[in-house]
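Worksheet: one structure, shown below.
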Amino acid sequence: MPNWVHAAHVDDVPADCGLELVIASRIIGLYRVGDQFFAMDGICAHQGGPVAKGGICGSIVTCPWHGWQYDVTTGKHELSEIRQQTFPIERRGDELFIDMQVPGI
């Protein structure tokens, strides 16, 4: 059963970087790609950097600590099989909700 949690207003999410949120004790990166929104684990798999605060180009976010890059639409690291956890997003008007009912949480 989904557990939709209010995350942000669409205007809170900048187009050129992620928005770092703490939801259900997890750090989540919320990203805007065109007119779509994506949510991904906000802690870099490399050394725990704040990937949620990284710059974004297209759908690729770059961790500000060491430059690891992930596709925010899939969570996949650009050069390996490492994959950040992603979360479903639902837009209700101008408000964004993230489904935190994901196995392993």
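Only a predicted model underlies this, so the values are computations on that prediction, with no experimental measurement involved.
- Counting heavy atoms from C-beta outward, Ile56 and Val33 have side chains that approach closer than 4.5 Å.
- Ionic pairing of Arg83 and Glu81 is not present here: no N-O contact between side-chain nitrogen and carboxylate oxygen is shorter than 4.0 angstrom.
- Qualifying side chain to side chain donor-acceptor pair (under 3.5 Å) partners for His66, counting only residues two or more places apart in sequence or in other chains: His46.
- A 4.5 Å side-chain heavy-atom check between Leu30 and Phe38 finds every atom pair outside the cut-off.
- Shown here are the side chain to side chain donor-acceptor pair (under 3.5 Å) partners of Arg91, two or more places apart in sequence or in another chain: Asp94.
- Shown here for Ala8 and Leu19, the closest heavy-atom pair between the two residues is CB-CD2, 4.1 Å.
- Summarising the geometry of Asp71 relative to Met40, their closest heavy-atom pair is O-SD, 4.2 Å, with the distance given to 0.1 Å.
- Environment of NZ in Lys53: sparse, with no more than 12 heavy atoms of neighbouring residues, nucleotides or ligands closer than 6.0 Å.
- The distance from atom CH2 of Trp4 to atom CD of Gln101, rounded to the nearest 0.5 Å, is 11.5 Å.
- Considering only residues two or more places apart in sequence or on other chains, Asp11 meets the side chain to side chain donor-acceptor pair (under 3.5 Å) condition with none of them.
- Looking at Ile43 and Val51, their side chains never come closer than 4.5 Å, going by heavy atoms from C-beta outward.
- With a 4.5 Å cut-off on side-chain heavy atoms, Glu90 and Asp99 do not count as touching.
- In terms of heavy-atom proximity, Val72 sits nearest to Thr86 at O-CG2, 4.3 Å.
- Checked by atom type, the side-chain pair His77/Gln69 shows no donor-acceptor distance below 3.5 Å.
- Taking each heavy atom of Pro50 and Cys63 in turn, the nearest pair found is N-SG, 4.3 Å.
- The nearest pair of heavy atoms linking Gly54 to Pro64 is CA-CD, 3.7 Å.
- Counting heavy atoms from C-beta outward, Tyr31 and Val61 have side chains that approach closer than 4.5 Å.
- To the nearest 0.5 Å, the span separating CG on Leu96 from NE2 on His9 amounts to 8.5 Å.
- In the hydrophobic cluster analysis, where Ile, Leu, Val, Met, Phe, Trp and Tyr join through side-chain heavy atoms closer than 4.5 angstrom, Leu21 is grouped together with Met100.
- Taking the side chain as every heavy atom from C-beta outward, Arg26 and Phe87 approach each other to under 4.5 Å.
- Using a 4.5 Å cut-off on side-chain heavy atoms (C-beta onward), Tyr70 and Cys44 make contact.
- Annotation: side chain to side chain donor-acceptor pair (under 3.5 Å) contacts of Thr74 (sequence neighbours excluded): none.
- In this structure Phe37 satisfies the ring pair (Phe, Tyr, Trp, His ring centres under 6.0 Å) test with no other residue, sequence neighbours excluded.
- Connectivity analysis of hydrophobic side chains (ILVMFWY, heavy atoms under 4.5 Å, direct or indirect) links Trp65 to nothing; its cluster partners are none.
- Listed here is the closest heavy atom pair of Gln84 and Asp41: NE2-O, 3.2 Å.
- When side chains are defined from C-beta on, Val22 does not count as touching Ile28, because their heavy atoms never get closer than 4.5 Å.
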